[in-house]
Colleague: 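Structure provided below as structure tokens; questions to follow.
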Amino acid sequence: YPSAQSVGKNPSFAEPEAARALYADLAKELAEAGFNFNLGPVVDLELNPDNPVIAARKRSFGADARTVTMLARAFILAHREANIATVAKHFPGHGSSKVDSHKGLADVTETWRNVELEPYRLLVKDGLLDAVMLGHLYHPGFSDADKLPASLSAKAVRFLRGRKICFDGVVVSDDLEMLGVAEDYSLDERLVK
């Protein structure tokens, strides 16, 4: 299957039905293999073209929140038709970061922008978010303590549940063995948080 970046740049997927057909094939394969949960779509906005984990790995549909939301919507609807739940990620937004959270804590305090919340807001409004994955991303607006990533912070969950997004579904953490959290917290601390 093509990368999210190539789908976002390909004019043939500008129509939601074309993207939905692409992802229907993916969802069908997953369902036939026995899966009922897909840890996607990535709804990060590609705001930093030098980003080592989103842009470099071609994981984002693009920098425009409407385009990202439209393609994520197609992804989600195709998966729902195959009875597969999805997870939008990486809240509050990994697309502006300078650090790969697999390799260290990504502090997005200086780079993060409010527009990174837009896909979550729009997908909630449409009733399309099954679950949200919290990223190993530090921003004081989403953290209960200095350098505590959103993935381990109750404040991030409260923000998702609050009036700006109003999400009441499942919230999961990114991989707890990534260095974005494993360097500073023991496994017991990570699990409790």
Side-chain angles (χ1 to χ4, degrees), residues 3-4 30 33-48 50-60 68 72 75-76 79 84-121 123-124 129-193:
S3 70
L30 291 172
F35 290 92
N36 63 7
F37 196 53
N38 187 348
L39 296 174
V42 169
V43 298
D44 297 310
L45 304 183
E46 192 176 311
L47 299 179
N48 174 8
D50 297 321
N51 177 297
V53 68
I54 302 302
R57 294 185 184 183
K58 303 177 181 184
R59 297 175 73 193
S60 172
V68 169
F75 182 103
I76 292 165
H79 280 72
I84 297 176
T86 57
V87 179
K89 61 186 185 181
H90 305 85
F91 185 85
H94 210 331
S96 62
S97 70
K98 296 178 181 178
V99 173
D100 178 346
S101 57
H102 295 88
K103 298 179 180 180
L105 179 62
D107 186 336
V108 296
T109 304
E110 300 298 322
T111 58
W112 185 87
R113 298 199 320 235
N114 194 53
V115 70
E116 296 184 66
L117 298 175
E118 200 62 16
Y120 299 98
R121 287 184 186 126
L123 292 168
V124 163
L129 280 187
D130 298 318
V132 171
M133 180 185 288
L134 301 177
H136 303 316
L137 307 162
Y138 172 72
H139 185 289
F142 305 99
S143 182
D144 295 304
D146 188 41
K147 302 301 179 191
L148 180 69
S151 57
L152 303 181
S153 176
K155 186 174 184 179
V157 177
R158 287 191 304 271
F159 190 95
L160 272 169
R161 305 258 190 252
R163 62 179 168 72
K164 290 188 178 181
I165 297 184
C166 301
F167 177 65
D168 63 358
V170 174
V171 178
V172 299
S173 167
D174 209 341
D175 181 351
L176 290 176
E177 293 189 356
M178 291 166 56
L179 293 180
V181 290
E183 287 183 321
D184 296 323
Y185 301 93
S186 71
L187 180 57
D188 287 348
E189 288 174 310
R190 285 176 266 155
L191 292 174
V192 168
K193 289 183 178 302

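Computed from a prediction, not measured in an experiment: that's the story for all the values here. Scope of the values below: all heavy atoms of this structure, side chains included, with no hydrogens, waters or symmetry mates.
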Colleague: To the nearest 0.5 angstrom, please state how far the CD atom of Glu46 sits from the CG atom of Asn51.
Modeller: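 Here the rounded value is 7.5 Å.
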Colleague: Can you check whether Pro92 reaches Leu137 side chain to side chain, under 4.5 Å on heavy atoms?
Modeller: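 Yes, side chains in contact.
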Colleague: Mind listing the closest non-hydrogen atom pair of Phe167 and Ala131 along with its distance?
Modeller: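 Result for this residue pair: CZ-CA, 3.8 Å.
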Colleague: For the pair Lys89 (side chain) and Leu39 (backbone), establish whether a donor and an acceptor sit closer than 3.5 Å, ignoring hydrogens and angles.
Modeller: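 Yes; at least one donor-acceptor contact below 3.5 Å.
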Colleague: With a 6.0 Å cut-off (strictly less than), is the heavy-atom count around CD of Glu183, excluding the residue itself, greater than 12?
Modeller: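 Enclosed: over 12 neighbouring heavy atoms sit under 6.0 Å from CD of Glu183.
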Colleague: Say whether, by atom type as modelled, one donor and one acceptor occur between the side chain of Asp100 and the main chain of Val53 under 3.5 angstrom.
Modeller: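 Checking the backbone N and O of Val53 against the side chain of Asp100, no donor-acceptor pair under 3.5 Å is found.
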Colleague: Is any side-chain N of the basic residue among Glu116 and Arg113 closer than 4.0 Å to the acidic one's carboxylate O?
Modeller: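 No, this pair does not count.
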Colleague: Drop me the distance from Ile165's CD1 to Arg163's CZ, to the nearest 0.5 angstrom.
Modeller: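 Those atoms lie 11.5 Å apart.
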Colleague: Within this structure, what is the CG-CG distance for the pair Leu148 and Asp184, rounded to the nearest 0.5 Å?
Modeller: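 CG of Asp184 is found 10.0 Å from CG of Leu148.
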Colleague: Quick check: does any side chain N or O of Trp112 sit under 3.5 Å from a backbone N or O of His139, one acting as donor and the other as acceptor?
Modeller: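 Side chain of Trp112 to backbone of His139: no pair is present.
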Colleague: Keeping the roles fixed (side chain from Glu189, backbone from Ser186), state whether a donor-acceptor pair exists under 3.5 Å.
Modeller: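 Side chain of Glu189 to backbone of Ser186, a donor-acceptor pair under 3.5 Å: yes, one is there.
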Colleague: Specify the closest pair of heavy atoms between Ala145 and Ser143, including all atoms of both residues, with the distance to one decimal.
Modeller: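 Looks like O-OG, 2.6 Å.
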Colleague: In Å, rounded to the nearest 0.5 Å, how long is the span from OH of Tyr138 to NZ of Lys147?
Modeller: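 Atom-to-atom, Tyr138:OH and Lys147:NZ are 6.0 Å apart.
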Colleague: Is any side-chain heavy atom of Leu134 less than 4.5 Å from a side-chain heavy atom of Phe142?
Modeller: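 When only atoms from C-beta onward are counted, Phe142 and Leu134 do not touch, as no gap falls below 4.5 Å.
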Colleague: Quick check: does any side chain N or O of His136 sit under 3.5 Å from a backbone N or O of Asp175, one acting as donor and the other as acceptor?
Modeller: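 Yes; judged by distance alone, with no hydrogens or angles, the pair exists.
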Colleague: Would you say the side chain of Phe159 lies within less than 4.5 Å of the side chain of Leu117, judging by non-hydrogen atoms?
Modeller: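 Result yes, sub-4.5 Å side-chain heavy-atom pair found.
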Colleague: Under the 3.5 angstrom rule, does the side chain of Arg161 hit a backbone N or O of Gly169 as a donor-acceptor pair?
Modeller: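 Yes; judged by distance alone, with no hydrogens or angles, the pair exists.
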Colleague: Looking at every non-hydrogen atom in both residues, tell me the closest pair between Pro149 and Gly180 and how far apart they are.
Modeller: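 Closest approach of Pro149 to Gly180, heavy atoms only: CG-O, 4.4 Å.
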Colleague: Just by distance, with hydrogens left out, do Thr109 and Asp107 show a side-chain donor and acceptor under 3.5 Å apart?
Modeller: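 Present: a donor and an acceptor within the cut-off.
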Colleague: Considering all heavy atoms of both residues, which atom of Gly135 and which atom of Asp174 are nearest to each other, and what is their separation?
Modeller: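 Smallest interatomic distance, heavy atoms only, reads CA-CB, 4.4 Å.
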Colleague: Salt bridge between Asp50 and Lys98, side-chain N to carboxylate O under 4.0 Å?
Modeller: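 Result for this pair is no, no salt bridge flagged.
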Colleague: About how many Å separate CG of Leu105 and CG of Leu152, when rounded to the nearest 0.5 Å?
Modeller: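 With rounding to 0.5 Å, CG (Leu152) is 9.5 Å from CG (Leu105).
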Colleague: Is the count of non-hydrogen atoms from other residues, nucleotides or ligands lying under 6.0 Å from Phe35 atom CZ greater than 12?
Modeller: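 12 or below, so no.
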Colleague: Show, in sequence, the C-alpha distance, side-chain angles and deciding distance for Phe75 and Asn38, and conclude whether the side chain to side chain contact (heavy atoms under 4.5 Å, CB included) test is met.
Modeller: CA-CA 10 Å; Phe75 182 103; Asn38 187 348; 3.4 Å; yes
Colleague: Is there a donor-acceptor contact under 3.5 Å from the side chain of Asp144 to the main chain of Lys155?
Modeller: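 A pair under 3.5 Å: yes.
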Colleague: Any chance the side chains of Asp44 and Ser60 put a donor and an acceptor closer than 3.5 Å?
Modeller: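 No.
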Colleague: Say whether, by atom type as modelled, one donor and one acceptor occur between the side chain of Thr111 and the main chain of Ser96 under 3.5 angstrom.
Modeller: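 Checking the backbone N and O of Ser96 against the side chain of Thr111, a donor-acceptor pair under 3.5 Å is found.
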Colleague: Can you see which heavy atom on Pro52 is nearest to which on Ser97, and at what distance?
Modeller: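 What the structure gives for the nearest pair is CD-O, 4.4 Å.
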Colleague: What is the distance from atom CG of Leu160 to atom OH of Tyr120, rounded to the nearest 0.5 Å?
Modeller: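 That separation rounds to 8.0 Å.
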Colleague: Search all heavy atoms of Arg57 against all heavy atoms of His102 and return the closest pair with its distance.
Modeller: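 That closest heavy-atom pairing would be NH1-CE1, 3.7 Å.
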Colleague: Under the side chain to side chain contact (heavy atoms under 4.5 Å, CB included) rule, what do Ile76 and His79 come out as? Steps first, then yes or no, please.
Modeller: CA-CA 5 Å; Ile76 292 165; His79 280 72; 5.8 Å; no
